[in-house]
Amino acid sequence: TAVQLYSYGRGLQFKKQGPEAMEIFKSVAKRFPQTVYGHLAQARIKSSAGDFAGAASEATQAQNAAPTDAQKQSIKALIDRLQSKQDINK
């Protein structure tokens, strides 16, 4: 599922395996493009490339698709970082 793949990609990032994580995020974005996790994956890909405006746009779409207020708040923190031009992958 989208959440499993996305979580696996995040786990790779925590293990300092960034390039491998980006491949997983590309898969999530391709297979689940209109879901919360598809948008978050795209945001992480764009952030890693330095496209903070594009990443913030994707994160905003993820926030709009998020089912819970807690998830919306977590995503808002990512959006705030992106608007400050910070890579959300670090």
Side-chain angles (χ1 to χ4, degrees):
T1 67
V3 69
Q4 289 170 321
L5 274 175
Y6 182 83
S7 296
Y8 177 64
R10 291 292 289 142
L12 289 172
Q13 284 185 315
F14 288 124
K15 294 177 184 174
K16 306 291 185 218
Q17 295 175 318
E20 295 88 345
M22 286 301 130
E23 290 304 314
I24 297 297
F25 293 142
K26 287 176 186 173
S27 176
V28 173
K30 185 176 180 181
R31 291 177 58 192
F32 309 99
Q34 298 305 314
T35 67
V36 173
Y37 295 101
H39 288 301
L40 285 175
Q42 278 284 43
R44 290 197 177 279
I45 292 164
K46 290 180 179 185
S47 178
S48 74
D51 178 6
F52 300 113
S57 174
E58 289 289 346
T60 300
Q61 290 179 67
Q63 186 181 42
N64 292 337
T68 66
D69 285 341
Q71 200 171 28
K72 289 179 190 295
Q73 285 302 314
S74 295
I75 296 169
K76 183 183 182 326
L78 295 178
I79 294 168
D80 291 345
R81 287 179 59 198
L82 289 165
Q83 289 173 338
S84 297
K85 299 196 180 336
Q86 296 176 13
D87 185 356
I88 58 173
N89 297 299
K90 295 182 176 160

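Position 1 is the first residue of the sequence, and the numbers go up from there. As a basis for the values below, the full set of heavy atoms in this structure was taken, side chains included, without hydrogen atoms, waters or symmetry mates.
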Chemist: For the OG atom of Ser7 and the CG atom of Leu12, what is their distance to the nearest 0.5 Å?
Modeler: 11.0 Å

Chemist: Tell me if a side-chain donor or acceptor on Ser27 pairs with a main-chain N or O of Glu23 at a distance below 3.5 Å.
Modeler: no

Chemist: Give the minimum heavy-atom separation between Gly9 and Ala21, together with the two atoms involved.
Modeler: O-CB, 3.3 Å

Chemist: Please give me the minimum heavy-atom distance between Ile45 and Ala29, naming the atom from each residue.
Modeler: CD1-CB, 4.5 Å

Chemist: Can you measure from CD1 (Ile75) to CG (Asp80) and round to the nearest 0.5 angstrom?
Modeler: 12.0 Å

Chemist: Check whether Arg31 reaches the backbone of Ala2 with its side chain - one donor and one acceptor, N or O, closer than 3.5 Å.
Modeler: no

Chemist: Considering non-hydrogen atoms only, spot the tightest contact between Leu82 and Ser47 and give its length.
Modeler: CD2-OG, 3.7 Å

Chemist: Could you tell me the separation between the CD atom of Gln42 and the CG atom of Asp51, rounded to the nearest 0.5 Å?
Modeler: 10.0 Å

Chemist: In Å, rounded to the nearest 0.5 Å, how long is the span from CG of Leu78 to CD of Glu58?
Modeler: 13.0 Å

Chemist: Sequence neighbours left out, what pairs pass side-chain hydrogen bond (donor to acceptor under 3.5 Å, both in side chains) with at least one residue falling in residues 59-74?
Modeler: Tyr37-Gln71

Chemist: If we only count heavy atoms from C-beta on, is the Met22 to Gln13 side-chain gap below 4.5 Å?
Modeler: yes

Chemist: Given side chains that start at C-beta, do those of Leu40 and Arg44 come closer than 4.5 Å, heavy atoms only?
Modeler: no

Chemist: Would a distance-only check, ignoring hydrogens and angles, find a side-chain to backbone donor-acceptor pair under 3.5 Å from Arg81 to Asp87?
Modeler: yes

Chemist: In Å, rounded to the nearest 0.5 Å, how long is the span from CZ of Phe25 to CG of Asn89?
Modeler: 6.5 Å

Chemist: Mind checking whether His39 and Phe32 have side chains closer than 4.5 Å, heavy atoms only?
Modeler: no

Chemist: Please name all residues satisfying side-chain hydrogen bond (donor to acceptor under 3.5 Å, both in side chains) with Gln4, sequence neighbours left out, ordered by chain then number.
Modeler: Thr1

